[in-house]
Novice: 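Quick one: structure below, then a few questions.
Only this structure's heavy atoms are used, side chains among them; waters, hydrogens and symmetry mates stay out. Everything numeric in this text was worked out from a predicted model, so none of it was measured. When a residue number appears, it is its place in the shown sequence, counting from 1.
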Amino acid sequence: MVHGRLSDLTERLREFARERDWEQFHTPKNLAMALAGEVGELLAEFQWLTPEQSAAVMSDPELGPRVRAELGDVMIYLVRLADTLGVDLVDAATDKLAASARRYTVEAAKGSATKISQ
């Protein structure tokens with residue numbers, strides 16, 4: 001079960017693809033590859049920025065809208081891929097967060113970026 005606004009977006013994307021007869025192209029492989037491409041475009045917007053510039057990117061009148069658009073593209077392909085695979089993104093993220101909380105306890109991980117081996 002997909003939740004609230006995410007459910008609405010999922011249905012809108014389904015309909016968008018259906019109306020254009022694009023479902024035939026929306027295989028998991030193609031959607032995953034398109035998602036990776038869009039993530040690459042998002043990364044390109046941050047390339048060469050300082051940490052301070054990247055933190056303030058949404059305040060930049062030129063970069064902010066481009067980052068927002070790329071985030072939209074990433075979201076579209078992620079939601080479409082999850083829908084095609086029958087994955088509830090909210091449940092998947094909730095499960096992953098719970099697993100991360102067990103793996104990265106506050107005591108072991110607080111203030112550290114070090115990866116904890118399993």
Side-chain angles (χ1 to χ4, degrees):
M1 171 66 182
V2 183
H3 311 276
R5 292 179 66 196
L6 186 55
S7 177
D8 294 342
L9 177 61
T10 300
E11 186 52 45
R12 288 181 64 196
L13 290 171
R14 249 187 236 146
E15 186 62 24
F16 186 89
R18 188 178 308 121
E19 288 173 347
R20 289 156 181 80
D21 194 26
W22 286 355
E23 292 166 313
Q24 62 184 315
F25 308 115
H26 286 189
T27 64
K29 177 198 73 78
N30 287 351
L31 290 167
M33 291 176 71
L35 175 60
E38 293 301 338
V39 169
E41 290 180 22
L42 175 62
L43 289 172
E45 296 298 338
F46 287 91
Q47 190 173 14
W48 313 121
L49 297 181
T50 66
E52 295 77 20
Q53 289 169 324
S54 70
V57 74
M58 296 312 294
S59 299
D60 184 297
E62 183 181 325
L63 287 176
R66 292 196 329 233
V67 167
R68 186 178 189 278
E70 294 305 338
L71 285 168
D73 285 338
V74 168
M75 181 74 166
I76 285 169
Y77 281 112
L78 179 61
V79 169
R80 191 73 185 112
L81 175 59
D83 185 41
T84 300
L85 293 172
V87 173
D88 181 310
L89 281 172
V90 174
D91 285 348
T94 300
D95 292 347
K96 183 64 179 181
L97 182 58
S100 293
R102 288 188 299 275
R103 182 174 178 190
Y104 298 99
T105 64
V106 173
E107 298 77 24
K110 189 169 186 171
S112 173
T114 304
K115 188 161 180 124
I116 298 173
S117 59
Q118 294 183 340

Novice: Can you tell me how far apart CZ (Arg80) and CG (Leu9) are? Round to the nearest 0.5 Å.
Specialist: 11.0 Å
Novice: Not counting sequence neighbours, which residues clear side-chain contact (heavy atoms from CB on, under 4.5 Å) with Ser112? List them please.
Specialist: Thr114
Novice: Step by step, would you call Phe46 with Val67 a side-chain contact (heavy atoms from CB on, under 4.5 Å)?
Specialist: CA-CA 9 Å; Phe46 287 91; Val67 167; 4.1 Å; yes
Novice: Going only through I, L, V, M, F, W and Y residues with side-chain contacts under 4.5 Å, is there a path from Leu13 to Leu85?
Specialist: yes
Novice: Any idea which heavy atoms bring His26 and Thr84 closest together, and the distance?
Specialist: O-CG2, 3.5 Å
Novice: Under 4.5 Å between side-chain heavy atoms, hopping through other hydrophobics if needed: is there a path connecting Leu78 to Phe25?
Specialist: no
Novice: Pick out which of Leu35, Leu6, Leu31 makes a side-chain contact (heavy atoms from CB on, under 4.5 Å) with Val79.
Specialist: Leu6
Novice: For Pro65, enumerate each residue passing the side-chain contact (heavy atoms from CB on, under 4.5 Å) test, keeping only those at least two apart in sequence or located in another chain.
Specialist: none
Novice: With sequence neighbours left out, write down each residue that passes side-chain contact (heavy atoms from CB on, under 4.5 Å) with Ala32, or none if nothing qualifies.
Specialist: Leu81
Novice: Using residues 54-62 as the side-chain source, report each donor-acceptor pair under 3.5 Å to any protein atom, sequence neighbours left out, with the distance given to one decimal.
Specialist:
unit_1: Ser54; atom_1: OG; unit_2: Pro51; atom_2: O; d: 2.8
unit_1: Asp60; atom_1: OD1; unit_2: Glu62; atom_2: N; d: 2.8
unit_1: Asp60; atom_1: OD1; unit_2: Leu63; atom_2: N; d: 2.8
unit_1: Glu62; atom_1: OE2; unit_2: Arg66; atom_2: NH1; d: 2.9

Novice: Distance-only check: which donor-acceptor pairs under 3.5 Å involve side-chain atoms of residues 68-75, not counting sequence neighbours?
Specialist:
none

Novice: Between Tyr104 and Lys115, does the side-chain contact (heavy atoms from CB on, under 4.5 Å) criterion hold? Intermediate values first, please.
Specialist: CA-CA 9 Å; Tyr104 298 99; Lys115 188 161 180 124; 3.5 Å; yes
Novice: At what distance, to the nearest 0.5 angstrom, does OG1 of Thr10 lie from CG of Leu89?
Specialist: 7.0 Å
Novice: Does the distance from a Lys or Arg side-chain N to an Asp or Glu carboxylate O, for Asp8 and Arg5, drop under 4.0 Å?
Specialist: no
Novice: Salt bridge (charged side-chain N to carboxylate O under 4.0 Å, His left out): which pairs involve residues 20-38, sequence neighbours left out?
Specialist: Arg18-Glu23
Novice: Is it the case that one hydrophobic cluster holds both Val87 and Val90, taking links as side-chain heavy atoms less than 4.5 Å apart, direct or via other members?
Specialist: yes
Novice: Give a yes or no on whether Leu49 and Leu42 share a hydrophobic cluster (residues Ile, Leu, Val, Met, Phe, Trp, Tyr; joining criterion: side-chain heavy atoms under 4.5 Å apart).
Specialist: yes
